[in-house]
2 protein chains.
Amino acid sequence: MRVDEIDELLSIRAAELYYEENKTQDEIGQALRLTRWKVGRLLAQAKQRGFIRIEILHPRARRLPIERRLREERGLSDAIVVSTAGVHSPEELQQRTAQAAADYLTALRPVPRTLGVSWGRTLFEISQHLRNGWATGVNVVQINGGVSLNRRPGTAAATAVGIAQKGGGSATLLPSPAILERLETKEAIEADRVVAGVIELARSAEAYLFSAGAADHSSVHVESGYLSVADVDLLVQKGAVGDVVGRYIDSDGNIVDPALDARTVGLTLDELRGAPLAIAVMSGPAKHAVADAVVASGLCTVLVTDEATALHLLDG
Amino acid sequence: MRVDEIDELLSIRAAELYYEENKTQDEIGQALRLTRWKVGRLLAQAKQRGFIRIEILHPRARRLPIERRLREERGLSDAIVVSTAGVHSPEELQQRTAQAAADYLTALRPVPRTLGVSWGRTLFEISQHLRNGWATGVNVVQINGGVSLNRRPGTAAATAVGIAQKGGGSATLLPSPAILERLETKEAIEADRVVAGVIELARSAEAYLFSAGAADHSSVHVESGYLSVADVDLLVQKGAVGDVVGRYIDSDGNIVDPALDARTVGLTLDELRGAPLAIAVMSGPAKHAVADAVVASGLCTVLVTDEATALHLLDG
DNA sequence: GGCAATGCTGCTCATATGAGCAGAGGGCAC
DNA sequence: GTGCCCTCTGCTCATATGAGCAGCATTGCC
């Protein structure tokens, strides 16, 4: 048995006594016939070699070292990474991330007077997780079209209104479909005084909160009837990895289909990129690719995500 | 938000800073606007409530608190429980357990002059994991019949010889099948001078090392041809949970089929129960039931097993 | 074989942590 | 409203731990 192998084994024995039996390093020294300094060094070695794993098991637990890496390596101004330790279902992951986003909004200073929001499953969850009185006087404005055509009518409106009401402000909805069939219709809608006013207000928001959709058949755009399954397949063929405020991007963050984009109502991606505070919330394996595109192309300044997605952004 | 909920959240934030960021409790106090004593209490609370999980990730890692519980709650004189943290395959679990058994034997004091061993997959693994010179002058004697009829001829012999050679002693093999078809044959074999001598030697061994088999089709007795699949099914019907030294027992440790038992060559279970040092080595979910029977009926004084099996013995 | 370089050991001293306690504050019964 | 009780707070002091360092052993090199 080599010397470093003996030391490795000793460090495991020491770690067992230290972490599982709550013995002092001195006591361990007596038990293993070592000085307490040697024990301390063995323990440090065990930690450093990665034999000791410390996990915080709690739905609200975050992974600060990963957050730091995201800030440093991906140039984000802030990052919130929820732990996946003890997560049993995809729903739970979604809940944790939404809760973290709600927490982040609540703690945000200075409180934005106007908050631009997108809509979708994630945003709806966030609105549900915000507490009454999370802010006082935060007005909310929709930043992309979202009158649902098919199912779940009103989720988009309920999201914005919910965030606004709980934040002691009012919501301004964008009364337009997300994507129009004809360019002329889209231009006509945007020319409408009310719609133009809402978009103007959206441009002036102090902060944006949005999610991104994966480019697959589960997309809310398919569910809402704006796009067909075939449309999505075509977009994927063209390199789409997902959508942000209804606009489909490739892995570099470029618009995949300019013609489609021109028929999409709401803030443009460049307007979003110019924002001083843009909070993207994304979780789950399906969002890995689009999350990478969002972060790489500077669509967000703050990212709220889960551990696995974060690690994908760093090492994947 | 209730007060204890705030405290819970604070304790998680504190734990993140303490365990992930290596900050001192004082620094955490400054960051969270708390006194360092409050931080200390929050951390203690987080630990006590089970929010902090510390695992030792190493093939040789053991679970000392579980070992203690096994000694105290199941009346074992000693217990070795290997950690399942980071185990990816059933083979790895088997390896870890065999390694732990080899380690235990090596460290055993006083060194037994004669060691009685059974045979099988587990015992073979243990013999493989023992180092040359693990002892000086340990003689090994087989305690149950084991001339393989079908495949892998000689594993039983290789096991005993391997343990003996590496321990600087010699092996005495029991030259008999495990189970005979007729009672008369069994009695004739036991009457043989050589066989009788080996069994006498086995009875005088200072320590025994054995495993147990599950009562299912993967049994070594099926593999070796002593029992048919139908035989095993019948035994299970009669309540068998597994076998020890070839003798099938129910969950109370009683012989399931006395006629079959009478045709089985080797130490009886009562002789094993009388031993001052009987080391049982069992791992894997398939062995849970038989492990329980072995421990409950006092067949072993020392148990080497894995974490999941140990927890089954304690809480299952 | 001599010598330098490297790493390891056991120390001193500074710091971090936990135990235990006095007092403040807040809730509750009367 | 008053007094009691219980809990929680911030302290003192004892203990445990980590940083840094001088001396010693071991290794490798010539």
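Quantities reported herein were computed from a predicted structural model and do not represent experimental measurements.
The interatomic distance linking B:Lys23 (NZ) with C:dA16 (P) rounds to 13 Å, in whole Å. When the P atom of C:dA16 is taken as reference, atom CD of B:Glu27 falls 7 Å away, rounded to whole Å. Rounded to an integer number of Å, the gap from CZ of A:Arg41 to P of D:dA19 is 11 Å. With rounding to whole Å, B:Gln48 atom CD is found 14 Å from C:dG18 atom P. Atom CG of A:Leu10 and atom P of C:dC8 are 14 Å apart (whole Å). Taking atom CG of residue B:Asn22 and atom P of nucleotide D:dG18, one finds them 10 Å apart after rounding to whole Å. Between the CG atom of B:Leu43 and the C1' atom of C:dA16 there is a distance of 12 Å, given to the nearest Å. The nearest whole Å value for the distance from the CH2 atom in A:Trp37 to the P atom in D:dG18 is 13 Å.
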Intermediate values then yes/no, side-chain hydrogen bond (donor to acceptor under 3.5 Å, both in side chains), B:Gln95 and B:Glu125: CA-CA 7 Å; B:Gln95 296 292 315; B:Glu125 288 296 341; 3.2 Å; yes

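Counting only heavy atoms from C-beta outward, the side chains of A:Leu17 and A:Glu27 never approach each other to under 4.5 Å.
Formation of a donor-acceptor pair under 3.5 Å by the B:Asp306 side chain with backbone atoms of B:Gly284 is found in this model.
A residue-by-residue look at A:Lys38 and B:Thr24 shows that A:Lys38 has its nearest nucleotide of DNA chain C further toward the 5' end.
Within the 4.0 Å cut-off from OP1 or OP2 of D:dT9, not a single side-chain nitrogen or oxygen of B:Thr35 is found. An OP1 or OP2 oxygen of C:dT17 is reached within less than 4.0 angstrom by a side-chain nitrogen or oxygen of B:Tyr18.
Side-chain proximity of B:Gln25 to D:dG18, C:dG18, D:dG20: nearest is C:dG18. Comparing atom distances between the A:Arg36 side chain and each of C:dC13, D:dT12, C:dC11 picks out C:dC13 as nearest.
Ion pair A:Glu21/B:Arg68 flagged as a salt bridge, since at least one NZ, NE, NH1 or NH2 atom sits closer than 4.0 Å to an Asp/Glu carboxylate oxygen.
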